[in-house]
Protein chains: 2
Amino acid sequence: MKEIKVGIIGFGTVGAGVAANLLEHGEMIAVRTGVKPVLAGVADVDITRDRGVNVPKELLTTDSTGLIAKSDIVVELIGGTTIAKTFILEALSQGKSVVTANKALLAKHGVELFAAAEKTGARIGYEASVAGGIPIIKALREGLAANRINKIYGIMNGTCNYILTRMEREGLDFEPILKDAQQLGYAEAEPSLDIDGFDTAHKTAILASLAYGEWFGMDPLYIEGIRDISLTDLRFADELGYRIKLLGIIKQDADGDIGIRVHPTLISKKALLADVSEVFNAVMVNGDYVGNTMFYGRGAGREATASAVVADIIDISRGMADGCRNSIPAFLPGKLFRGILPMAKTENRYYLRIQVKDEPGVIARMSAILGDKGISISSFIQKEGQSGDNVSLMILTHLTREELIKGAIGEIEKMDQVREKVKLFRIEDIS
Amino acid sequence: MKEIKVGIIGFGTVGAGVAANLLEHGEMIAVRTGVKPVLAGVADVDITRDRGVNVPKELLTTDSTGLIAKSDIVVELIGGTTIAKTFILEALSQGKSVVTANKALLAKHGVELFAAAEKTGARIGYEASVAGGIPIIKALREGLAANRINKIYGIMNGTCNYILTRMEREGLDFEPILKDAQQLGYAEAEPSLDIDGFDTAHKTAILASLAYGEWFGMDPLYIEGIRDISLTDLRFADELGYRIKLLGIIKQDADGDIGIRVHPTLISKKALLADVSEVFNAVMVNGDYVGNTMFYGRGAGREATASAVVADIIDISRGMADGCRNSIPAFLPGKLFRGILPMAKTENRYYLRIQVKDEPGVIARMSAILGDKGISISSFIQKEGQSGDNVSLMILTHLTREELIKGAIGEIEKMDQVREKVKLFRIEDIS
């Protein structure tokens, strides 16, 4: 049985999980796959702290470069886009394949990393970079490779989904739930990466790149986070039959143009995706042959992420045992789209919440503004029993272009009776 | 670009879908994977009927043997366990890799087929044999390979799920819905394979084999279909917070013993799996590292099944292009369990519906029978407003052994006041 030496750089939460998995399940993996990944070492600046896993002392080291030299596969779990990149390039330059969960690094520097791998015939595995334990990279690259990808919708940030689930269930607003989530360890002290949508954006960029054959980086993405979602909006959405989720959205239109974006989205409560709650992740992929598929599981955490990292280790190990390092290239460029649709040119349905002073003619004026832009209203609700000074109007629109609705909102906000910025959320009709 | 010649045997629904996919998406697949599968021919006894796909006439043939000889990969889509097997063995003996959707053949004769493939270094792809377009074979064999598999729950027969969904939504009983499903083409004229659970059982046997490293065949399976599910039971289940689904269930206990079975099962309406409706399939896999995952999509049909068949074609083609035919063996034996738990020894929660003549002492007697077996009751319901001559009693039990509940039912059915056979369904607590 061929043994493959695995070196882990970064003894944090996920690093400890990967070490534990290899130590606990090495034999099982050998039985199941015919090749045995063996823990060659774990490198970290701090190798004395207890990580809850019994790694033999002689396998712990502070010498990452030394560990790279003696490993067949290098697992990068430091995070960040500086030292992590240095170590990965060092490993690739020596022809060592790399497995990483580093979505930020991949999204931003993927092209450079893949080129470095290409040069030496090394492989890069990054299953763990998107949606944790869910094998979505494999599904998209291999399992659904026979499909033109029409749409991808992903709930890919556990922190955001946890906050939204609790707001909805407990009837509390964003700020207090965020604070509680921080105390419970479900949100970072500096939560921006998660709640402003950047983490979801990194993952969305990776999925879009795989689906359409160009490594996009972050430039083409439109990104909005969840800070602006209020309990009021969740409740109105609920009454209208919707939930609000932070989605990564990738869509290709009939002309071949694609839009890549991250924003809070109203989806029907009847959609399976709407039932994905708490820290769970799910990615829905619509392919022209397969139709709708959905992949669900834990998007983060020590064990789930380790599951994905070790899956990559196994794939690469199998290839090495068979002498075909490149059986699945990390990324194959080949343009499968026409152009990128700027956000302003995308077509969406919209939910608007407008706070107004209830005076005669307000609704007529608003309708006229929307009508002038050719925006068709599918639902218009003014609740009874609100004080006339600050009344909520909800408008749901039919499909219209983003630039048109933004223009209309600009005019609506100029009205004397409009009390605050208009709330806008997009609606996706997911079956 | 390496071209791989693909020959399809069987020009039925799925065969036409695979031909259409290769003709339509061959170039896209080449861009995406670096290797190009090319349609070498389609063989069938009838090559004149219109199949809704424009296969060039010169590629149609009645000569399967000739097509095998000129193909690199042979796709078997005839179905059945006789001629299909002959053609597969013929292809494998020539070292041609085979892709098939034939679950019955695989479940029953997998060992023989894998041995034949092993002999010549050919590969066998069977992603399409389980849950149609959902890449569940790949997920289980590769994506989740780092996990000890604790549980698998699968809704894997679209006909059954369609019938149950309609019974529930329309409030109609099994027989009229089955008839309507037959007229609409969602159920076969001879529906036994589907509704008596055998099709689900074939798929369950394949997943169990992959999870635990032994090709089980059908012998270890306990199988019950959906004929006995009445509207009454669906309604009572609904009131109690459950739906009834036909599940393939694979579970490993703490001792390493596994149970493999197919039967109608009550699952909480809050479980994501309970929301899988109509003809859709879903497989939930619980692994010790990854936790709960779920894979959802279309389980049958021309396009979805073609998506899975072509995924296998791509995998094998990639391997051939790289010169590593065996990178993922079709099946690797290696026992990852202790023994098979016979159904009588499994522990379950149960739903019992007992039709009784309402006389003093009936409930006392029934409770005594259950109590004597050590069976603990979690819920006991007798509805008001039923006529005293034929009253429904529902009992939900805590976990107990199958042989104990069966013994208790035997005694309950001997009671004078019990009007008909006791209905028994098992409950799974799926979160």
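Throughout, protein chains are lettered first and strands after them, A, B, ... in sequence-line order, and every chain is numbered starting at 1. Predicted model, so just to flag it, every value in this text is computed and none were measured.
- Listed by chain and number, the residues in a salt bridge (charged side-chain N to carboxylate O under 4.0 Å, His left out) with B/Arg166 are B/Glu170, B/Asp180 (sequence neighbours excluded).
- Contacts of B/Leu272 with chain A are made by both backbone and side-chain atoms, with heavy-atom separations under 4.5 Å.
- Between A/Asn147 and B/Ser307, the shortest heavy-atom contact is ND2-OG, 2.8 Å.
- Without hydrogens or angle criteria, B/Asn21 side chain to A/Ala146 main chain gives a donor-acceptor distance under 3.5 Å.
- In this structure, B/Lys269 places its NZ atom where more than 12 heavy-atom neighbours from other residues, nucleotides or ligands lie under 6.0 Å away.
- A donor-acceptor contact shorter than 3.5 Å is absent between the side chain of A/Arg298 and the backbone of B/Tyr289.
- Residues passing the side chain to side chain donor-acceptor pair (under 3.5 Å) test with A/Arg338 are A/Asp257, sequence neighbours excluded.
- Nearest approach of B/Gly34 to A/Leu332, heavy atoms of both residues: N-CD1, 3.4 Å.
- Heavy-atom distances place the side chain of B/Leu336, and not its backbone, under 4.5 Å from chain A.
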Side chain to side chain contact (heavy atoms under 4.5 Å, CB included) for A/Glu142 and B/Glu142? Distances and angles first, verdict last.
CA-CA 11 Å; A/Glu142 304 168 29; B/Glu142 302 167 30; 3.7 Å; yes
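- Of the two parts of B/Ala211, only the backbone, made up of N, CA, C and O, holds a non-hydrogen atom closer than 4.5 Å to a non-hydrogen atom of chain A.
- Taking B/Val310, B/Ile137, B/Asp288 one by one and counting their heavy-atom pairs under 4.5 Å with chain A, the maximum is reached by B/Asp288.
- Closest heavy-atom contact between A/Arg32 and B/Ile149: NH2-CG1, 4.0 Å.
- Interface remark: of the candidates B/Gly213, B/Gly133, B/Gly143, B/Ala311, B/Gly143 forms the most heavy-atom pairs closer than 4.5 Å to chain A.
- The nearest pair of heavy atoms linking B/His25 to A/Arg148 is NE2-N, 3.7 Å.
- For B/Glu24, the part lying under 4.5 angstrom from a heavy atom of chain A is the side chain only.
- Heavy-atom distances place no part of B/Tyr212 under 4.5 Å from chain A, backbone and side chain included.
- The contact between A/Pro333 and chain B is made entirely by backbone atoms, counting heavy-atom distances below 4.5 Å.
- Counting heavy-atom pairs closer than 4.5 Å to chain A, the top residue among B/Ala20, B/Ala145, B/Ala282 is B/Ala145.
- Neither the backbone nor the side chain of A/Ala321 comes within less than 4.5 Å of any heavy atom of chain B.
- Interatomic distance, A/Phe295 CZ to B/Thr293 OG1, rounded to the nearest 0.5 Å: 11.0 Å.
- With a 4.5 angstrom heavy-atom cutoff, B/Arg302 does not touch chain A via any of its atoms.
- Neither the backbone nor the side chain of B/Ala308 comes within contact range of chain A; no heavy atoms are under 4.5 Å apart.
- Atom NZ of B/Lys2 is surrounded by 12 or fewer heavy atoms from other residues, nucleotides or ligands within 6.0 Å.
- With a 6.0 Å radius and a threshold of 12 heavy atoms from other residues, nucleotides or ligands, A/Tyr186 has its OH atom at or below the threshold.
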